Colleague: 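I have a structure I would like to understand better, so I am pasting it below and will then ask my questions one at a time.
Everything numeric in this text was worked out from a predicted model, so none of it was measured. Just so it is clear: chains get the letters A, B, ... in the order the sequence lines come, proteins before strands, and each one is counted from 1.
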Amino acid sequence: MKGSFRQSMAWLHTWSGLIVGWVLFSIFVTGTASYYRPDISRWMRPEFTRVEPVEAPALGAAAERAVAYLGTHAAQARTWFIGLPQPDKPVLDLFWRTRPGAPPGHVLLDPRTGTESSVRDTQGGDFLYRFHFELHMPPLWGRWVVGICAMIMLVALISGIVTHKRIFADFFTFRRGKAPRRSWLDAHNVTGVLALPFHLMITYTGIITLATFYMPWGVTAAYKGNAQAFFTEASWITTPRPPAKQAAPLAPIGPMVEQARAARSEPLERLMIVNPGDANATVVAVFEEPHGLSHEHPQIAFDGVSGAILEVRDGGLKPAAKTFTVMTGLHEGHFAGTMLRLLFFLCGIMGCAMIATGVVLWSLARLPKAGERPFLGLRLVQALNVGSIAGLPAAVAVYFLANRLLPVDLAGREEWEIRAFFGAWIVAALVPLARPQRRAWCEGLAAVSVLCLAVVAADILTIPDHPLRRAGGDPLFAWFDGAMLLLAGLFALAARKVLRYEAPKKAHKNEHERDRAAKPAPVPAAAQPARRPEPTHA
Amino acid sequence: MAAGGRTPGKGPGKGPGKEPGRSRALERAGVAGRVVLAAGGGYGVAALATALLSLTLPMARSEAVATATLLSFAVMAGIVVLVFATRTALRALLIVAGTALVLGALLWLAMGGSAP
């Protein structure tokens, strides 16, 4: 492009960032929340805290009940997935697919009786987790959109790094009292640069988690497109067995579970039964990941008819295959203990802040001069900024609120929670279109704060086991509410800042004049020509 | 849509005041072309490189595929940066097309060796 390499990169950074900024923001927010997916899921199913955990020796009998249920309700399915009861999720989690394209079946069972669990119907943290990479769209579409956004994020990161000649000095620069644009730019730089290793890591490893989906051409060339063969050779999965097209009864699953438990020290996580009822049926027992960075579950495959062990998969990956699983592991952060998880979470928050300050910066740099009318695009960007930066957190809060307030036995409760989420988001995105910019920010941020407080109130009022109401209650509720209070405080603070900022009319006017003084030059950086190269950035 | 003087790549002496209609339209066409080239060309080159490396890297088949796939997104990001950094859109097109042709030819040779 015209101008220097750095100028063209600044342009690329500005526009690529704006175009996917809002989608990226929602990917980052839901992804950051997903570091606490099990905790969110457990909070959203408060009935679990009253259920006794299933002892390991009882897993075999529980698995038998799951198979009995699937045999009557999903006999035609090609694969059954059975999530075994875990200490923090004491139910059987059944999932099956009949054929591609058909909606999958999903049900939770009581492991002691084999009947459908009475726990409230919700997707819990899984909704946020799936939204993170599918945006609640049909999976193929959603994954492509997220992949494209992630790729653009990668490009925006690279071009952003190039744009910063003084990346180290910028790191210590925060010009708070200066023109608002400078403070925003510095905030964008600090959140971007401070967590830069995290941002680069999380973006690249995020793409890698779905790499063979986005870039299947290596598999096409070397394996004639047979991905299963590649996964098997890479030692990621046990060897798949095609159906024999001959009926044969499934052997009792209890002894297989016992055998699997005796073989390894890790807890047994789930069972996968491929081609049930076929002579070539395979039962794969999947264990929890051993401690370590890599995302690889030990697996044992059984012949479904004879019950004999076919194959044991336990590490031993070659370097490139191992790099793959380590990258996936890094992205998901299963290995992280409490403190490291918190650090990942905070880095994720910084990513959200980086994107938020970035899109705000775009609109600030294009504010009309005094007396000029804002152009339509600017109005739209401004409204979308409020609609996503305040709107999405509001929608998440409403999702939590719906979980507590909807009647427990409501039909289609799970869908209603999600409708509440999108309903709130749509409202939050439309209202700013009709409001003056500053008021919209103030109202949006304040609304998030109030909604977070409402979540805490609803939690305390509807949960009899809440630690505030009963000594010895599950501390999870207190932790969750504490986090909500913290968020409420942060958003209230932000709303107050916006409100306060508007108050001194005179200062506001002066700023406009200062802005105008800097404007006439085609390159706004002319205000500080020697210091910062930021041709289109500001 | 953008306010005056907000078009990308403001070179000296090329302000919107000079020859507004024509130069801006040209500039926009150039930008649009680059976007298409970066997306299509970037993905195409990355895909060709992945397929080629998968067949030719001197290691086990699964390792070659894994290595090539791991690298592919860095290749694509590199091409995108290159497309936007090159001085003219035409030159970017030539570089990308040339790379794709070379990779395609090598891939054709590699496949000719491995498949009957």
Side-chain angles (χ1 to χ4, degrees), chain A residues 1-3 5 7-9 11-12 14-16 148 150-152 154-155 157-159 162 204 207-208 211-212 214-224 229-236 318-324 327 365-366 368-369 372 374-378 519 521-523 535-536, chain B residues 1-12 14-16 27 30-31 34-35 38-39 42-43 46-55 57 59-78 80-81 83-89 92 107 110-111 114-115:
Chain A
M1 308 210 72
K2 278 170 261 93
F5 179 57
Q7 269 176 324
S8 64
M9 286 300 108
W11 178 88
L12 183 58
T14 305
W15 290 95
S16 61
I148 291 166
M151 204 61 219
I152 295 177
L154 189 61
V155 170
L157 281 175
I158 296 171
S159 53
V162 173
Y204 206 83
I207 300 171
I208 292 299
T212 50
Y214 295 133
M215 192 61 72
W217 309 112
V219 178
T220 308
Y223 288 88
K224 308 273 171 280
F230 167 55
F231 297 154
T232 311
E233 268 188 41
S235 306
W236 288 338
K318 299 197 192 77
K322 182 87 176 175
T323 309
F324 237 104
M327 282 194 163
R366 282 155 189 80
K369 294 163 209 162
E372 242 179 46
F375 57 103
L376 180 69
L378 178 67
K519 274 275 160 81
V523 178
T536 53
Chain B
M1 173 183 97
R6 287 283 165 211
T7 36
K10 286 157 282 193
K14 249 233 159 179
E27 237 175 49
V31 168
R34 277 180 211 257
V35 169
Y43 187 80
L48 285 171
T50 310
L52 179 65
L53 289 177
S54 294
L55 292 177
L57 280 179
M59 46 180 93
R61 185 165 64 148
S62 66
E63 286 292 281
V65 172
T67 309
T69 310
L70 281 170
L71 289 176
S72 61
F73 304 101
V75 172
M76 177 160 179
V80 173
V81 167
V83 164
F84 283 99
T86 312
R87 210 147 279 274
T88 68
L107 178 64
M111 281 172 75
S114 72

Colleague: Less than 4.5 Å apart, any side-chain heavy atom of B:M111 and any of B:L55?
Modeller: yes

Colleague: Given a strict heavy-atom distance threshold of 4.5 Å, which part of B:A38 is in contact with chain A: side chain, backbone, both, or neither?
Modeller: neither

Colleague: Taking side chain as everything from C-beta outward and backbone as N, CA, C, O, which of these in B:A77 sits under 4.5 Å from a heavy atom of chain A? Side chain, backbone, both or neither.
Modeller: both

Colleague: Using heavy-atom distances under 4.5 Å, tell me whether A:F231 contacts chain B through its side chain, its backbone, both, or neither.
Modeller: neither

Colleague: Less than 4.5 Å to any heavy atom of chain B: does that hold for the side chain of A:M215, its backbone, both, or neither?
Modeller: both

Colleague: Taking every non-hydrogen pair under 4.5 Å, which of A:L154, A:V219, A:I208, A:I148 racks up the most with chain B?
Modeller: A:I208

Colleague: Between chain B and each of A:S159, A:P319, A:A234, count heavy-atom pairs under 4.5 Å; write down the option with the most.
Modeller: A:P319

Colleague: For B:A46, is it the side chain, the backbone, both or neither that has a heavy atom under 4.5 Å from a heavy atom of chain A?
Modeller: both

Colleague: I need the residue from B:A68, B:G78, B:S72 with the largest number of non-hydrogen atom pairs under 4.5 Å to chain A.
Modeller: B:S72

Colleague: Counting distance only, does the side-chain N/O of A:E233 pair as donor-acceptor with the main-chain N or O of B:R61 below 3.5 Å?
Modeller: no

Colleague: Once the angle between the rings of A:Y223 and A:F230 is folded into 0 to 90°, is it parallel (under 30°), tilted (30 to 60°) or perpendicular (over 60°)?
Modeller: tilted

Colleague: How many angstroms lie between atom NZ of A:K322 and atom OG of A:S235, to the nearest 0.5 angstrom?
Modeller: 11.0 Å

Colleague: Mind checking whether B:F84 and B:V35 have side chains closer than 4.5 Å, heavy atoms only?
Modeller: yes

Colleague: At a heavy-atom separation under 4.5 Å, does B:M76 approach chain A through its side chain, its backbone, both, or neither?
Modeller: both

Colleague: Side-chain contact test, heavy atoms from C-beta onward, threshold under 4.5 Å: evaluate it for B:T69 versus A:Y214 and give yes or no.
Modeller: no

Colleague: Name the region of B:L57, side chain, backbone, both or neither, that has any atom closer than 4.5 Å to a heavy atom of chain A.
Modeller: neither

Colleague: I'd like to know if the side chain of A:R366 and the backbone of A:L378 have a donor-acceptor N/O pair within less than 3.5 Å.
Modeller: no

